[in-house]
Amino acid sequence: MIKGNKDHAALADIFNQDEARVDWHDETLWFVRAKRDKAANTLSEWEALRENASQIKDNVLSNLHDYLSEFESNAQQNGVIVHWAADAAEHNQIVLSILKSKEISRMVKSKSMLTEECHLNEYLHQNGVEVIDTDLGERIVQLAEEPPSHIVLPCIHKKKEEIGELFHEHLGTPKGASDPQLLTAAARVHLREKFLTRRAAITGVNFAIAETGEFVVCTNEGNADMGAHLSEVHIACMGIEKIIPKRANLSVFLRLLARSATGQPITTYSSHFRTPRKGQEMHLILVDNGRTQQLGRADFRNSLKCIRCGACMNTCPVYRRSGGHSYHTAIAGPIGAILAPNLNMKQYADLPFASTLCGSCTNVCPVKINIHEQLYKWRQVIVKEGYADPKKTIAMKAMEFTLSHPYIYRNAGKSGRWVMKNMPFLVNNKLNAWYTQRDMPAPPQQSFREWYKKNNNE
Amino acid sequence: MSSRAQILACVKENQPALTVLPPDLTGLAQYPDPLAMFGSVLDGIGGMMYPVKDYEELIGLIKTKFSGLPRVISTIPELAELTEKDWQDLPPPSYEDVDVAIIKAHFGVAENAALWVTESLMGQRVIPFICQQLVVLVHKKIFYPICRKLINKFQIPIMVLVLSSPVLQRLPILSSH
């Protein structure tokens with residue numbers, strides 16, 4: 001694919017070198033998917049909830065301008081300082097300027113896919129600000145100097161032995177220790193010190209309620225809350241699509257989110273932030289970064305309904321066997337593959353092709369995003385725009401030429417069968433992409449055309 | 001043009017034709033005994049439920065369960081004999097060594113074992129997160145089957161916390177007081 005130097009298939013090949021890890025990754029995510037199914041089956045109204053959530057989000061997208069204005073005005077009345085960022089760069093600058101105005105150079109951050117999308121950590125690091133990720137999985141990948149590979153389970157690609165090695169190196173746990181309880185306890189001690197000494201905290205936002213100006217943050221570890229409640233400055237970052245109209249709509253999403261994500265009945269902590277604590281400053285940054293553009297693409301705007309549960313990843317047969325890093329974007333998997341080309345079609349032209357189009361992602365999506373249809377539509381747009389893999393384009397043109405010239409088609413078939421029979425090494429080699437994952441079939445004695453001619457003329 | 005104006009203009013230009021908000025769902029799952037359902041879900045996610053009939057029994061339970069833990073705080077006046085005095089106005093980091101925090105919840109939700117807590121019941125926002133053990137007291141009559149519209153009961157929450165799946169050995173307790 002023409003998109004810089006990254007390619008899903010090539011990156012998946014790297015992941016696939018360790019077959020045992022691929023099997024384990026596949027099984028672990030399928031376990032989560034199965035938990036999701038069990039949780040969904042506990043509610044007879046599950047499908048009605050999905051439909052309701054989808055319609056609420058449709059309403060949000062159709063009235064986003066007014067809801068954003070309403071939310072901003074209510075949040076300001078609550079004492080929250082609201083900022084607007086057109087893109088990732090502006091978002092990062094706003095965060096830095098808030099920190100600079102308070103002379104803060106060390107901070108804690110809870111998991112936020114938006115800040116990953118904006119590469120905030122790198123930006124702050126380059127500007128002399130130390131950022132400690134406080135979600136356990138995020139902290140692990142941060143210590144490993146890697147991006148998260150999953151939006152809900154950021155270090156799902158790492159085995160406990162590898163985490164033990166990282167903790168031994170960075171947190172001083174005994175060499176060879178891999179007991180999850182011991183490692184978690186070590187991380188807890190390490191992170192508590194950071195929580196208690198950092199003056200600023202960044203959190204993401206799961207839902208922002210236009211009616212009240214409050215925002216809701218869902219975590220299982222309570223790390224967003226620890227950071228926010230101990231700090232002098234709380235900065236919350238959200239994409240503009242996170243709005244929901246009323247507080248009464250919230251329960252629909254809270255009931256769907258954790259069940260879809262991990263199979264839990266609800267996230268451990270679902271915190272509503274409305275006003276800053278006495279003596280605290282609360283900032284909220286509303287970020288566009290391509291979202292308004294996606295809103296204008298009728299075929300793809302549904303992707304903005306995403307509530308970031310990760311169900312589509314857990315169920316995707318490609319994601320489970322290729323690993324999150326093969327998607328080379330902050331949000332991996334099926335949903336990432338329809339969001340990323342909106343930001344940069346050339347750079348992410350490979351991603352809509354990283355799918356079997358089986359539709360499993362669409363079937364589990366709690367807000368009914370037509371993910372597999374959008375993947376298919378993106379493929380067409382990408383080919384039309386000229387970003388398709390040149391090898392595939394040439395192959396398709398050659399196929400078109402062959403199929404439209406019967407004489408050439410007949411002879412190509414004949415030569416192909418002869419080569420496969422008499423000189424198999426010419427097709428059974430690494431240059432033949434078809435051969436890398438499959439055995440070549442035994443060549444038939446004759447073509448159908450030859451068989452038909454023979455059997456009908458006698 | 002400011003980013004705000006630019007974003008809002010672009011949203012207005014790109015948003016599709018207005019669709020209506022769907023009506024609230026009806027005919028949702030009901031649990032004949034919400035309290036029993038709550039206990040069962042809570043058990044499944046690692047919490048423990050202890051029915052107690054009055055404060056006297058609660059105090060006895062706390063003493064038994066948490067004997068030897070020095071720093072116990074609570075926002076419940078009836079538990080004053082067990083807990084630290086005048087703790088509520090300290091700077092948030094000073095609660096780092098709280099062993100047990102005991103707070104009330106407004107209500108519990110059967111389907112997911114969630115407990116609804118507003119800031120007024122926490123004393124300090126950080127309390128439910130920083131303590132080593134959390135005990136949440138909720139009246140056994142205040143249980144609802146599902147979490148729908150309940151949030152609207154609290155028109156002006158400053159900070160609401162929905163607690164579920166207690167971390168470590170946290171201990172929600174029910175009382176009939």
Side-chain angles (χ1 to χ4, degrees), chain A residues 42-45 48-49 51-52 55-56 58-59 61-65 68-69 72 84-86 90 192 195-197 214 220-222 225-226 228-230 240 245-252 254-255 258 264-275 277 286 288 292-293 295-296 298 301, chain B residues 2-29 41 44-45 91-93 95-96 109 111-114 118-119 124-130 146-152 155-167:
Chain A
T42 60
L43 294 182
S44 56
E45 65 262 36
L49 273 174
E51 183 57 37
N52 198 255
Q55 288 179 17
I56 293 169
D58 282 337
N59 169 261
L61 297 182
S62 75
N63 196 30
L64 191 57
H65 175 276
L68 279 167
S69 308
E72 179 194 36
W84 297 74
E90 190 176 9
R192 258 177 108 84
F195 282 125
L196 290 163
T197 53
E214 72 201 53
N220 278 325
E221 297 168 27
D225 304 86
M226 273 282 266
H229 299 327
L230 288 168
I240 53 171
K246 297 172 189 300
R247 212 196 267 157
N249 302 133
L250 183 69
S251 70
V252 174
L254 289 183
R255 296 177 81 197
Q264 290 169 261
I266 191 169
T267 43
T268 307
Y269 304 100
S270 308
S271 300
H272 298 225
F273 291 85
R274 183 152 171 177
T275 67
R277 189 183 75 240
L286 287 158
D288 178 353
T292 48
Q293 182 179 248
L295 188 64
R301 69 165 62 101
Chain B
S2 71
S3 291
R4 180 188 181 279
Q6 183 194 324
I7 294 167
L8 284 173
C10 207
V11 167
K12 197 159 202 172
E13 193 186 313
N14 288 341
Q15 68 190 20
L18 186 66
T19 63
V20 291
L21 261 180
D24 289 340
L25 289 173
T26 53
L28 302 179
V41 178
I45 53 183
Y95 303 109
E96 64 162 316
V109 182
E111 76 158 16
N112 51 24
T118 50
E119 187 173 11
Q124 282 267 3
R125 293 182 187 188
V126 79
I127 290 303
F129 306 97
I130 203 167
I146 56 168
C147 56
R148 178 176 163 236
K149 282 193 172 179
L150 295 173
I151 351 178
N152 277 341
Q155 286 306 320
I156 321 166
I158 302 302
M159 163 75 209
V160 182
L161 167 67
V162 184
L163 277 170
S164 178
S165 179
V167 178

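Treat the numbers as computed from the prediction; the structure is a model and nothing was measured. Per chain, numbering begins at 1; letters A, B, ... match sequence-line order.
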*Would you mind telling me which of B:Pro93, B:Ala29, B:Gly44, B:Pro22 has the largest number of heavy-atom pairs within less than 4.5 Å of chain A?*
B:Pro22

*Among B:Pro16, B:Pro92, B:Ala17, B:Ser2, single out the residue with the greatest number of heavy-atom pairs under 4.5 Å to chain A.*
B:Pro16

So does [Y] get a backbone contact from the side chain of [X], meaning a donor-acceptor N/O pair under 3.5 Å?
| X | Y | value |
| --- | --- | --- |
| A:Arg301 | B:Gln15 | no |
| B:Asn14 | A:Leu295 | no |
| A:Arg192 | B:Glu96 | yes |

*What are the two closest heavy atoms between A:Ser62 and B:Thr19, and how far apart are they?*
OG-N, 3.0 Å

*Which heavy atom of A:Ser271 sits nearest a heavy atom of B:Phe129, and at what distance?*
OG-CZ, 4.1 Å

Distance, nearest 0.5 Å, that separates [atom1] of [X] from [atom2] of [Y]:
| X | Y | atom1 | atom2 | result |
| --- | --- | --- | --- | --- |
| B:Thr118 | A:Arg274 | OG1 | CZ | 12.0 Å |
| A:Ser69 | B:Leu8 | OG | CG | 5.0 Å |
| B:Arg125 | A:Asp225 | CZ | CG | 10.5 Å |
| B:Lys12 | A:His65 | NZ | NE2 | 4.5 Å |
| B:Leu18 | A:Leu61 | CG | CG | 11.5 Å |
| A:Ser251 | B:Asn112 | OG | CG | 10.0 Å |

Chain B heavy atoms under 4.5 Å from [X]: which part of the residue, side chain, backbone, both or neither?
| X | result |
| --- | --- |
| A:Ala228 | neither |
| A:Leu49 | both |
| A:Glu45 | side chain |
| A:Gln293 | backbone |
| A:Leu43 | side chain |

*Which of these passes side chain to side chain contact (heavy atoms under 4.5 Å, CB included) with B:Ile7: A:Leu286, A:Leu64, A:Asp288?*
A:Asp288

*Of the backbone (N, CA, C, O) and the side chain (C-beta and beyond), which part of B:Gln6 lies under 4.5 Å from a heavy atom of chain A, both, or neither?*
side chain

*asked:* Can you tell me which portion of B:Val20 sits under 4.5 Å from chain A's heavy atoms? Options are side chain, backbone, both or neither.
replied: backbone

Note, [X] side chain near [Y] side chain (heavy atom, < 4.5 Å):
| X | Y | answer |
| --- | --- | --- |
| A:Met226 | B:Val126 | yes |
| A:Leu230 | B:Ile130 | yes |
| A:Asn52 | B:Pro23 | no |

*asked:* side-chain contact (heavy atoms from CB on, under 4.5 Å) for A:Arg255 and B:Val109? Distances and angles first, verdict last.
replied: CA-CA 12 Å; A:Arg255 296 177 81 197; B:Val109 182; over 6 Å; no

*Look at A:Ser44, A:Ala85, A:Ala86 and state which one has the largest set of heavy-atom pairs under 4.5 Å with chain B.*
A:Ala86

